[in-house]
Q: 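The structure follows.
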Amino acid sequence: MADRRRRIYTTLLDDPTRTWTVRELAATVNSVSEGTVRDTFNVLLANGHLRQVPRQRSLTATLTDSGQQALTRLLRSVT
């Protein structure tokens with residue numbers, strides 16, 4: 001797993017109920033571009049690990065329960 005993606009996953013798991021925009025997450029995770037965060041968001045959304053928050057102008061999402069479990073398992077398996 002790429003280091004950038006791992007840092008995104010770890011940040012999402014640090015506060016699993018938080019709602020994130022792409023810009024907020026990119027600003028929080030050092031040395032990760034908005035494009036990388038957006039691509040990761042899209043993969044997680046497609047897999048049901050993130051839920052998009054409706055009626056938001058920018059891409060805004062939060063972890064689902066299954067997403068939290070999946071990312072936790074994934075990070076444990078690579079350490």
Side-chain angles (χ1 to χ4, degrees):
M1 171 187 338
D3 182 56
R4 291 177 294 199
R5 190 169 290 165
R6 180 182 307 191
R7 286 184 284 145
I8 291 169
Y9 294 167
T10 301
T11 302
L12 289 170
L13 288 170
D14 283 344
D15 189 357
T17 60
R18 179 172 173 173
T19 299
W20 291 95
T21 65
V22 169
R23 180 172 286 155
E24 290 170 336
L25 190 55
T28 301
V29 180
N30 292 330
S31 302
V32 176
S33 70
E34 285 185 30
T36 299
V37 172
R38 185 176 300 104
D39 292 346
T40 303
F41 263 36
N42 286 328
V43 169
L44 294 173
L45 284 164
N47 290 323
H49 299 321
L50 281 181
R51 177 183 51 83
Q52 191 166 356
V53 177
R55 297 182 288 282
Q56 299 294 317
R57 239 180 135 201
S58 58
L59 179 54
T60 305
T62 190
L63 273 175
T64 62
D65 290 338
S66 64
Q68 183 179 354
Q69 293 167 4
L71 294 183
T72 299
R73 279 192 310 272
L74 178 64
L75 289 174
R76 284 183 186 155
S77 72
V78 296
T79 54

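Position 1 is the first residue of the sequence, and the numbers go up from there.
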Q: Mind checking the CG-CD spacing from Leu13 to Gln69? Nearest 0.5 Å is all I need.
A: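 Interatomic distance, Leu13 CG to Gln69 CD, rounded to 0.5 Å: 11.0 Å.
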Q: Do Leu75 and Leu63 land in one hydrophobic cluster if side-chain heavy atoms of ILVMFWY residues count as linked below 4.5 Å?
A: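 Leu75 clusters together with Leu63.
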Q: Can you tell me if Asp14 has over 12 outside heavy atoms packed within less than 6.0 Å of its CG?
A: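 Above 12, so yes.
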Q: Donor-acceptor pair, Thr64 side chain versus His49 backbone, under 3.5 Å?
A: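 Side chain of Thr64 to backbone of His49: a pair is present.
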Q: Could you pull out the closest heavy-atom pair between Thr62 and Arg18, with the gap in Å?
A: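 The answer is OG1-O, 3.0 Å.
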Q: With Trp20, which of Ile8, Thr28, Val53 fulfils side-chain contact (heavy atoms from CB on, under 4.5 Å)?
A: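 Considering Ile8, Thr28, Val53, a side-chain contact (heavy atoms from CB on, under 4.5 Å) with Trp20 is found only for Thr28.
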Q: Output the distance between atom OG1 (Thr11) and atom CD (Glu24), rounded to the nearest 0.5 Å.
A: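 Interatomic distance, Thr11 OG1 to Glu24 CD, rounded to 0.5 Å: 12.5 Å.
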Q: Between atom OG of Ser58 and atom CZ of Arg38, what is the distance when rounded to the nearest 0.5 Å?
A: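 Here the interatomic distance stands at 9.5 Å.
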Q: Test side-chain contact (heavy atoms from CB on, under 4.5 Å) on Leu45 and Leu59; report intermediate values, then the result.
A: CA-CA 11 Å; Leu45 284 164; Leu59 179 54; 4.0 Å; yes
Q: Give a yes or no on whether Arg4 atom CZ has more than 12 heavy-atom contacts from other residues, nucleotides or ligands under 6.0 Å away.
A: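 Atom CZ in Arg4 is not packed in, count stays at 12 or less.
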Q: Can you confirm whether more than 12 heavy atoms, excluding those of Arg23, are under 6.0 Å from its CZ atom?
A: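 Count not over threshold, so no.
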Q: Measure the CG-CG distance between Asn47 and Asn42 for me, rounded to the nearest 0.5 Å.
A: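 If we round to the nearest 0.5 Å, Asn47:CG and Asn42:CG are 11.0 Å apart.
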Q: Is there a side-chain contact between Leu71 and Leu44 (heavy atoms, below 4.5 Å)?
A: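 Yes - at least one pair of side-chain heavy atoms lies under 4.5 Å apart.
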Q: Supply the atom-to-atom distance Thr60 OG1 to Gln52 CD, rounded to the nearest 0.5 angstrom.
A: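 The distance works out to 7.5 Å.
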Q: Nearest 0.5 angstrom please: Gln68 CD to Thr17 OG1, how far?
A: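 Reported to 0.5 Å precision, the distance equals 8.5 Å.
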